[in-house]
Amino acid sequence: MSKGTLVIVQLYPKNMNIYGDWGNTLTLKRRIEWHGYDAKLVAYNPGDTFPEEVDIIVGGGGQDSGQAAIGDDLRSVGPELIRLADDNVPMLMICGLYQLFGHFFKTREGVIIKGIGLLDIETVGGDERMIGNIITSSDEFGDIVGYENHSGKTTLGPLAQPLGTVRKGAGNNGQDALEGARYKNVIGTYLHGSLLPKNPAVADWLIEKAACRRFGSFSPSVIDDRFASEARRIAINRPR
Ligand code: GLN
């Protein structure tokens with residue numbers, strides 16, 4: 001018997017979904033089912049009505065053009081996303097949507113795409129792309145492994161906590177050794193790859209937060225993560 005249903009909302013899958021980001025949604029769905037719950041996937045694209053039932057929100061990266069295309073719509077649902085974040089809804093935003101969960105992304109050409117200010121971060125596009133395998137070390141999750149490809153350099157304001165520090169790679173800006181940002185149960189990060197198949201601790205953290213919020217508790221099942229562990233081992237040993 002199902003332990004209950006969790007609704008995963010993926011933001012802008014048509015415009016914001018590169019370098020395997022769809023794998024995050026698939027991993028959440030599969031792990032929710034392995035834990036004995038049902039998972040319902042909902043895609044949110046520009047112009048859609050924002051779903052009423054929401055347990056986890058995921059969003060991926062995109063080209064500057066994709067970010068510009070969804071900007072107006074994202075800002076229109078920004079207050080709802082902030083309300084949900086304040087209500088402890090877990091969210092995972094990768095790269096392009098991570099940037100737009102902040103105050104703004106200024107492209108290399110000087111175009112400012114305003115964000116929703118849910119995260120206290122600012123991003124400015126640079127001349128050099130930061131590309132390659134990356135490891136973020138986090139107290140809560142240990143090593144988080146992934147792949148980054150961005151020109152935007154992100155700096156954290158005083159209200160944002162980093163996700164972790166960079167052990168290999170550039171991270172937020174290639175300078176301060178910080179990677180990602182957190183606010184309540186919201187994680188923003190530059191790690192594509194996909195992130196969640198190789199980092200089950202992050203996936204289960206999102207699911208646990210969602211289950212506790214919806215049902216008052218989380219009763220996980222034991223999952224055989226030997227393939228995830230092997231994928232992590234190989235990814236960690238890859239050169240930059
Ligand atoms: N266009 C943004 C940048 O280059 C985001 C890229 C991405 O999402 N991979 O910084």
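Along the sequence shown, the residues carry numbers beginning at 1. Both counts, for ligands and for their atoms, begin at 1 and track the order of listing. The structure presented is a predicted model; accordingly, all values stated were derived computationally and were not measured.
Listed by first then second residue, pairs satisfying salt bridge (charged side-chain N to carboxylate O under 4.0 Å, His left out) with a partner in residues 108-126 read Arg108-Asp127, not counting sequence neighbours. Counting only residues at least two apart or in different chains, side-chain hydrogen bond (donor to acceptor under 3.5 Å, both in side chains) contacts with residues 47-62 comprise Asp55-Arg214.
For ligand 1, the protein residues placed under 4.0 Å by at least one non-hydrogen atom are Ile18, Tyr19, Gly61, Gly62, Gln63, Asp64, Gln67, Cys95, Gly96, Gln99, Phe105, Arg129, Asn149, His150, Ser151, Gly152, His192.
Among the candidates Ile57, Leu6, Leu92, the single residue satisfying the side-chain contact (heavy atoms from CB on, under 4.5 Å) test with Leu206 is Leu92.
Side-chain contact check for Ile187 versus Met93: every heavy-atom pair is 4.5 Å or farther apart. Under the 4.5 Å side-chain criterion, counting only non-hydrogen atoms from C-beta, Thr154 is not in contact with Glu179.
A search for salt bridge (Lys or Arg N to Asp or Glu O under 4.0 Å) contacts involving Arg75 returns Asp72, not counting sequence neighbours.
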